[in-house]
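Below is one structure, written out as structure tokens; comments come after it.
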Amino acid sequence: QLQLVESGGGLVQPGGSLRLSCAASGFPLEGYAIGWFRQAPGKEREGVGWIESGRTSTYYTDSVKGRFTISRDNAKNTVFLQMNSLKPEDTAVYYCAAHWGFLGSSYYLTQSDFSSWGQGTQVTVSS
């Protein structure tokens with residue numbers, strides 16, 4: 001069974017950076033598309049972006065485009081979310097999730113398509 005563990009969250013000042021990790025065990029991550037989601041206090045969980053199965057193609061929601069970057073290191077069986085120019089509105093619990101197979105460039109990030117989830121890591125952006 002694929003298990004995902006996020007790490008790297010914490011408290012950062014506005015304009016700062018954090019890099020979140022999503023480490024997998026049980027199966028190689030290469031065959032999975034990995035999505036990043038977040039849930040702010042009192043709000044619904046929303047998609048942030050995703051990286052394609054077996055490729056380096058990445059896609060982002062408009063609110064993080066140009067600031068966040070998703071990458072994968074297959075040797076480490078880990079996917080990363082690099083977050084730059086952080087804003088207070090980026091404060092949330094961040095989750096990674098896995099979908100087996102290829103999603104395609106026209107795919108719309110949908111939580112129910114992802115079957116394996118991590119436990120989440122808290123990111124707080126505040127001065």
Side-chain angles (χ1 to χ4, degrees):
Q1 182 179 352
L2 179 69
Q3 292 186 321
L4 303 175
V5 177
E6 301 96 336
S7 62
L11 173 64
V12 63
Q13 291 187 341
S17 299
L18 280 176
R19 187 175 81 156
L20 306 185
S21 299
C22 173
S25 60
F27 289 93
L29 265 187
E30 189 172 6
Y32 290 85
I34 302 299
W36 283 95
F37 300 84
R38 66 186 182 184
Q39 186 167 21
K43 294 189 176 180
E44 303 255 331
R45 190 159 57 187
E46 63 175 1
V48 172
W50 56 282
I51 186 165
E52 187 60 272
S53 162
R55 302 185 182 187
T56 57
S57 304
T58 54
Y59 306 89
Y60 305 93
T61 57
D62 287 345
S63 61
V64 306
K65 203 171 292 182
R67 301 188 297 122
F68 289 12
T69 304
I70 300 171
S71 62
R72 64 164 77 226
D73 185 333
N74 291 330
K76 295 182 179 179
N77 218 28
T78 300
V79 170
F80 302 98
L81 176 65
Q82 177 69 43
M83 306 186 295
N84 299 328
S85 302
L86 282 162
K87 305 174 181 180
E89 52 263 43
D90 294 317
T91 295
V93 178
Y94 284 71
Y95 302 88
C96 64
H99 167 90
W100 172 254
F102 186 74
L103 290 170
S105 61
S106 61
Y107 173 74
Y108 181 79
L109 190 58
T110 304
Q111 298 179 49
S112 59
D113 290 333
F114 292 78
S115 56
S116 298
W117 289 77
Q119 83 291 348
T121 185
Q122 176 70 47
V123 171
T124 302
V125 184
S126 175
S127 54

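Quick caveat: nothing in here was measured; it's all calculated off a predicted structure.
The two residues Ala33 and Leu103 make their nearest non-hydrogen contact at CB-CD1, 3.5 Å. Closest non-hydrogen pair, Thr78 versus Lys76, comes out as OG1-O, 2.8 Å.
Looking at residues two or more places apart in sequence or on another chain, you find a ring-ring contact (aromatic ring centres under 6.0 Å, His included) between Tyr107 and Trp50. Shown here are the side-chain hydrogen bond (donor to acceptor under 3.5 Å, both in side chains) partners of Gln122, two or more places apart in sequence or in another chain: Thr124. The side-chain contact (heavy atoms from CB on, under 4.5 Å) test applied to Gln111 returns Phe37, Arg45, Trp117, not counting sequence neighbours. Residues satisfying the ring-ring contact (aromatic ring centres under 6.0 Å, His included) criterion with Tyr95, sequence neighbours excluded, are absent altogether. The side-chain hydrogen bond (donor to acceptor under 3.5 Å, both in side chains) search around Arg67 returns Asp90, not counting sequence neighbours.
Between the side chains of Tyr108 and Thr110, not a single donor N or O lies within less than 3.5 Å of an accepting N or O.
No path of Ile, Leu, Val, Met, Phe, Trp and Tyr side chains, each step under 4.5 Å between heavy atoms, connects Leu2 with Phe102, placing them in separate hydrophobic clusters. In the hydrophobic cluster analysis, where Ile, Leu, Val, Met, Phe, Trp and Tyr join through side-chain heavy atoms closer than 4.5 angstrom, Val79 is grouped apart from Val5. The hydrophobic cluster containing Trp36 does not contain Phe114, counting ILVMFWY residues as joined when their side-chain heavy atoms lie under 4.5 angstrom apart, directly or transitively.
Within a 6.0 Å radius of NZ in Lys65, other residues, nucleotides and ligands contribute more than 12 heavy atoms. Atom CD of Glu44 sits in a sparse spot, with 12 or fewer heavy atoms from other residues, nucleotides or ligands closer than 6.0 Å.
Asp73 has its side chain within reach of Phe80: a pair of non-hydrogen atoms, C-beta onward, lies under 4.5 Å apart.
Between the Glu6 side chain and the Gln119 main chain, a donor and an acceptor come within less than 3.5 Å of each other. Checking side-chain atoms of Thr121 against main-chain N and O of Tyr94 turns up no donor-acceptor pair under 3.5 Å.
To the nearest 0.5 Å, atom OG of residue Ser116 and atom CD of residue Gln1 are 6.5 Å apart. Atom CG in Leu109 sits 12.0 Å away from atom OH in Tyr60 (nearest 0.5 Å). Considering CD1 of Ile34 and OG1 of Thr58, their distance stands at 13.5 Å, rounded to 0.5 Å.
Here the rule is side-chain contact (heavy atoms from CB on, under 4.5 Å) with Arg38, and of Val64, Thr91, Leu81 only Val64 fits it.
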For residues 7-32, tabulate all N or O donor-acceptor pairs below 3.5 Å that involve a side-chain atom, not counting sequence neighbours.
from	atom 1	to	atom 2	distance (Å)
Ser17	OG	Asn84	OD1	2.9

